[in-house]
Every structure is written in structure tokens, then in C-alpha cells.
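Here the structure is a predicted model, which means the values were calculated and not measured. Labels below follow one simple rule: chain letters A, B, ... track the order of the sequence lines, proteins then strands, and each chain is numbered from 1.
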Amino acid sequence: MVHTGYDPALVTLSIAIAVLASYTALELGARVHGHVGAARWGWVAAAAIAMGGGIWSMHFVGMLAFEMGAATTYDVPGTLLSLAIAVAATGAAFAWVGRPGARRRDVAAGGVLMGTGVAGMHYAGMAAMHLPGGVAYSVPIVVLSVAIAVGAASVALFLAFRRTSVTQKLVASGVMGLAVAGMHYTGMAAATFTPGGHAHAGTAGLGGQTLALYVAGATFVVLFLAMLATSLEQQRIQRELRASEERFRAAVQAVGVLWTNDAEGRMVGEQPGWASITGQTREEYQGYGWADAVHPDDAQASVDAWNETVRERRTFVFEHRVRARDGSWRHYAIRAVPVLDAGGAIREWVGVHTDITERRLAEAELRESNEELQRYAYIVSHDLRAPLVNIMGFTSELEATRQDIGEALRGRPEAERIDADLGEALGFIGAAVTKMERLIAAILRLSREGRRTFQPEPLAMASVIQGLADAQRHQAESVGARVSVDPLMPEIVADRTAVEQIFGNLIDNALKYLDPARPGQITISARPLAGNRVRFLVEDNGRGIAERDHARIFELFRRSGVQDRPGEGIGLAHVKALVRSLGGRIDVVSELGRGTTFGVTLPRGTATGRSAAPEAARLAAE
Amino acid sequence: MQPVTIVMIEDDEGHARLIERNIRRAGVNNAIVPFRDGGSALGYLLGPDGTGEASAGRPLLILLDLNLPDMTGIDILEKVKANPHTRRSPVVVLTTTDDSQEIQRCYDLGANVYVTKPVNYEGFANAIRQLGLFLSVMQVPENP
């Protein structure tokens, strides 16, 4: 029997290596989960090298601590094989446990793999040792050593692969270190060394101490590098997290005031955004206290809209006034999105208040100046008519006087010339007044259209436009033209009269300005556009409009091309005004001698501002 | 029976002259009392005390323009039709406005006839002459 013993310092070092290697390996192995492809295998390999290398290194330091009183050498291929076993087995364990979709019971399989790896490495390493004597193993203790390795490795993997705190990680690495060192020293206890002849020292192996020191040193370097890599990765993740938090904070500032409500609409916890705009304290806005800062006139509508949104579980879109710190009311656009829990129930609401006071003011100003302009047009056209009555009236009186003059001058040589001069002058005055009267009537009509309150209603556009085409059928047939209306047109919500005037005018124009060289073909079609709009096209193969007139034709009293048709140059100006009032726009594409296409883009819903019920428009859902 | 006096409230001198000429052409020879602003017209109709007693017992027919410099014809119409002494006097609204809402408002307030002044002189002259013809046959009650 060889006298054996342990060097306590080296035993401590070996345990320290086992624990440190375990910590590093578990830290690396935990990252396998979050990655895919090459990166995933990279983390598996790193964890396997740290763990396998650690086990191996622990083993050699442990052997160094074991004082056999005899020289020991190691067989190089066998030793490398033991390292390979450790790395391969632990790598397999990490890959198995860290694969996507791994379950809890997979940890047990990983533990078996890793424990077997630890034990396999130990006994392969023992076999690679050249001892001066023989070695005998006690089977029950060998079994115990394997059981310790498997059990402790399973526990360590279980702990390491849960989302764990640093303490839990430390415990896991302690347990894993225990698996490695415990197995080793139990395994050593299973062995009985018997003295034999002289060792084949220096023949085919390296000196034990030297090897163990090299291994321990190299292990520390590897582990250090691995820890460095881990901490760099950790830093990167934290940087990204910080960047994403900053991005979020910037986004919140950019969009407006962020708040959260619980499922019932109560404010809970700190709401710095809300507090900053309203000046309410936490006690004041808590629960339904926030509603006190909403304008009393808007409160009921807000609550109704909110309840409807909750019922329909959609995005909350609304506008209301909120009292600012200084007591003034400011307009806000609100958007709130429900956050659902795993069961699909609303857990809370995240909403944003965007200050649109300036926009509202600008809109009101614009509306006011528009109304003023229309009032102005109305008054002017009325006041201009009064003097016209006089001009026309006294011109007619002069006409009567002219006859008196004719009577008085009868027989005089200059009588005929005077009568002709008077007649010419009176004729020009009369024609000019008639024309002016027509123009004033047109301005009056436009200003009246502008003042009319729109009554938005759902319009099945295919039937509306077909109705207009039918009304013009007689006119179309008399010029041999065909009007075809696409039956698949979307429905829009708009004022019927305005829409009928727009398309009636466009169809009328198309029929009026056909090219006699070919049979007229007028097509009306529509297609949906992004932003909840619809684009209608009125195409004809008529005489076309010269490029330079494309903008002019929409101006009041301007006409294009050969002036061989009756008209005042009002229709398109009127159409443009109506389209704009409906919140749409109109454009024209035309080539002289080829045809003309008018494009009318209208919103599907009602335009705000001019609708009969602005409240309803404001509450319109998405 | 006292002859009817025509009160013409018209700020445009030209219109006033044309109206008068055409009324005369229709053979109406009643006295025409012209006013060019609302204030003086009301002074005549309701008297300096504003009670309307000045008009008691005299048959009046009022030709009223709606666009006046100091007030609208609607104001005058309201006062005339609200006063017990003048409310039976027929009021003929003569104006350039053909706004349907304004026409309705005038009738609601008790206007008897609403005539738009056409720029077309023939139309205007015809309207006035017919009005004259109308005046020659209509019975204007004395104010109480």
C-alpha cells in the first residue's frame, strides 16, 4: 500500500478552478438560448471548452494535490482523449439544454450527459497515468462518484437555465463545482494504489507537476478570456437596452404626453406626462380624478366614446380640451391602444395626448377668413347689382328719349347720324351691363354654394353617377356619344348635391367638348387610394385642352380653346370649389386632339370643418 | 275716403326716380313721399314720439328697400308691422336681394309683396307698372 495524502492548498485551488470554470461555463451556456445559427454554436463551443477544460484542469491540479510518494507520468494521447471526452460531453449537454423548445425534463438529460462527461474524463485521465504500481477500484464508490456528478450537474443546469439572479448563478456554479470536485475526490477514494516496480519515468510522458501547472495556468487564461467575452457581450446588451430606452423616451417626447390607464380607465401610479400638462398632483389625477382636468363640455362625449372603444376593443381616437397648468384650455388629440394580457383581456391602456391647439386655432382662423371672403363676395355682388339697375334703367330711359329726339329732329339732315350714334352707344352700354349682370350672378351663386351647409350621407357612387349619366342621356345621344359608368365604385360619405354638381358638371363638359372627328366615349371609374381616399376618373376622347390652359380652366370666367360653345367659364371653378369643400382635390391630364381625364380625389368619410355635425366627424373611428 | 299716400323708402336716388317714373306711367297719381334712410322714414311713419299715432287714420302704402345706409329694411318692416297704427299698411319689399331665406323672412314678418329689382330694365319697368296697376285696384285700409 502506497502512502497517500492531500496538499490542502492544491485541493483548494482545484475546487476553486472547478467553481470558476463552472461559473464561466454556465454563464456562457445560458447565452445559447438567445442566439441562432452560427452564434448559437459559438456559445455552445465556448461553454463546452470552458467546462471541459475546467474539469480537466481541476483533475490535474487534484492529482497534483494527491501525494502518492511516487513519480507519476502521463500518457499524452490518453490525456488528450480525456480532455476531448470532457469537452464533447459538456458541449452536448449545453446544446441539448439550450436548444429552442427545450423542456424542463431536458435538463435531466443534459445533467446525465454532463455528469457522464465529468466521470468519463476522470477515469480516462486516470487510465492515461503511468503509475509505478497498480490501481484497483471499489465499484460501489465509483458508482457513487458518477451519481454525484450526474446529480449535481443536473441541479446546476436546472439553476443556470432559469432566468436567474447573480446569487442563483453563484449557487449554480458552486453546485457544478461540487459536481466536478466531488466526483473527482470520490473517484480517488474508490481507487486503491498498490506499489509496483519503478515508474517508466520520463519515457513516454511528461512530469506530473509541470503538466498540472501548465494546465492550471492555461485554464485560468481561457476562463479569464471567456469571462471577458461574456462581460463584453453583457455590456453590448446593456448598451442596446439603454439605447432602446432612450429611443423610447425620445419617442414619447416626440409624440406628446404619454399616460397609462388600467382596464377600467383609472389612472394608477406615477403619470409624469399627465402631471406636467395639467399640473394635477398624483392624488388629484389618481383613479378617475384625471377627468376633472377635461373640459366639462367634452367630458360626457369623452366618456361615451371611451365606453364604446372599450366595448369594441379598438384603438381609442378622440379629441378634447384639457385644462393646462395656467388654467387655459388646450386642444388635444388622443390615441390610446389597449395592452392585452395572455388571455386576451385588456390589461391596461397606453395613450398619448398630442397638443393640437395651434392647429385648431389655425383652422378656425382659416375658416373665419374663408367665411369672411364668402360674405364679402355676397355683399359685393349685391351691392354691385344696385348701380347696374340704374345704368340699365336710365339706358332704357335714354332709349325712350332717343325716340323723342328723333321726333324733334325729324326732317333735319343730321337726324339719322345722331340717331345712329345714340343707338350704337346705348347698344354697347346695354351689352356690357348684361354681361356684368351675368358675372355678378355667377359670383353670387358660387358664394351661396360656399355658404351652404353640407349634409354628409352615404352615397353609392356607382348609382349616383349612373343617375347623372342617365339624366344626360338625351344630350349624349344627340351628339352620338356613349357614357359608361364602372358599376364597381366604392361608397363614400359626402353631401349628395355637391357630389352631383361635381360629376354632373364634368360629364356635361365632356359631352360639350367632344371631337366631331370620332364618336364620343366617356368613361367614369374609381379606385381606392391609401389614406382612406377614393380617386374618381372622368375620361373622354374629346377635343382636349392645351397644356398651357390646364391651370387656367379652374379659374373663374376663364375658358379654353375655340369659343364655340355657350358658357361663362364658371363650371370648373365651381367644381374645384366644391371638391375642396369636400376635402378633396381635382387635377386634369389632357392632350389636345386626344382627350381629357379629370381626376377627383375625395375622402371616403366626411371632411371636417364643413360637415353639418362636426362633433360626429370628430369622433369618427379609424 | 282719403287718398292713399305712397311712402317710398329707397336710398338709391336713381332707383327712386325709376320707380316713380314707372308708377306714374302706370297711371297712378297718388302722392309719393320719398325717404333715403331708415331713420327719417320711421320718423314719418311712427311720428317723432315713436308711438305711430301720427299714422292713425291715414291710408299708407310702403315701398321698402332692404339695403339702407342706417338700418336694414327688415328693421323697418318689423317696427311697422308691430305698431298697432301702421300694421295694416301694405308693405311692398323692393330689393336687389333674391335670397330665398330673406324673402321668407320678409313674408314671416308680414310683408305683403316681395319684388326683386331685375337688372333687365324691361322686367323692372314691367314689375313697377304692374305694381302701379295693382295699387290702382287694391283697397288700402285706413290705419286705426
Side-chain angles (χ1 to χ4, degrees), chain A residues 371 374-404 422-423 425-455 497 501 568 570 612, chain B residues 8-26 34-38 63-74 92-106 114-132:
Chain A
E371 278 165 11
Q374 274 163 1
R375 255 197 315 274
Y376 180 72
Y378 187 76
I379 292 168
V380 162
S381 55
H382 270 98
D383 290 358
L384 284 182
R385 268 184 126 188
L388 273 188
V389 170
N390 277 336
I391 298 171
M392 206 59 191
F394 286 102
T395 307
S396 300
E397 291 295 318
L398 275 179
E399 194 71 48
T401 313
R402 177 183 157 205
Q403 274 160 23
D404 294 345
L422 274 175
L426 292 173
F428 272 114
I429 294 172
V433 172
T434 307
K435 175 149 196 206
M436 195 156 172
E437 156 71 0
R438 278 208 315 264
L439 302 186
I440 289 171
I443 297 180
L444 191 59
R445 213 179 81 209
L446 280 183
S447 96
R448 268 194 199 144
E449 278 304 327
R451 285 149 65 95
R452 200 167 68 80
T453 307
F454 284 174
Q455 303 285 343
T497 313
Q501 282 177 349
E568 307 291 346
I570 293 162
Chain B
M8 179 166 64
I9 310 167
E10 168 65 71
D11 72 313
D12 190 308
E13 220 173 341
H15 289 196
R17 187 84 188 99
L18 290 170
I19 289 166
E20 197 183 338
R21 276 194 191 196
N22 282 286
I23 286 175
R24 295 291 177 237
R25 272 182 198 140
F35 293 98
R36 298 199 37 205
D37 62 86
L63 294 181
L64 180 62
D65 183 16
L66 291 186
N67 300 314
L68 296 172
D70 54 347
M71 62 183 76
T72 75
I74 303 260
V92 177
V93 177
L94 256 178
T95 184
T96 43
T97 311
D98 60 352
D99 186 84
S100 59
Q101 277 178 330
E102 209 156 44
I103 295 173
Q104 272 170 19
R105 183 149 167 69
C106 285
Y114 189 105
V115 180
T116 302
K117 292 175 192 167
V119 174
N120 168 324
Y121 187 65
E122 276 314 302
F124 180 74
N126 269 332
I128 301 295
R129 268 177 232 149
Q130 274 162 21
L131 188 67

Practice prompt. Can you measure from CG (A/Asn390) to CZ (B/Arg17) and round to the nearest 0.5 angstrom?
Written response: 12.0 Å
Worksheet item: Is the backbone of A/Ala386 close enough, under 3.5 Å, to the side chain of B/His15 for a donor and an acceptor to pair up by distance?
Response: yes
Practice prompt. Supply the atom-to-atom distance A/Arg385 CZ to B/Asn67 CG, rounded to the nearest 0.5 angstrom.
Written response: 11.0 Å
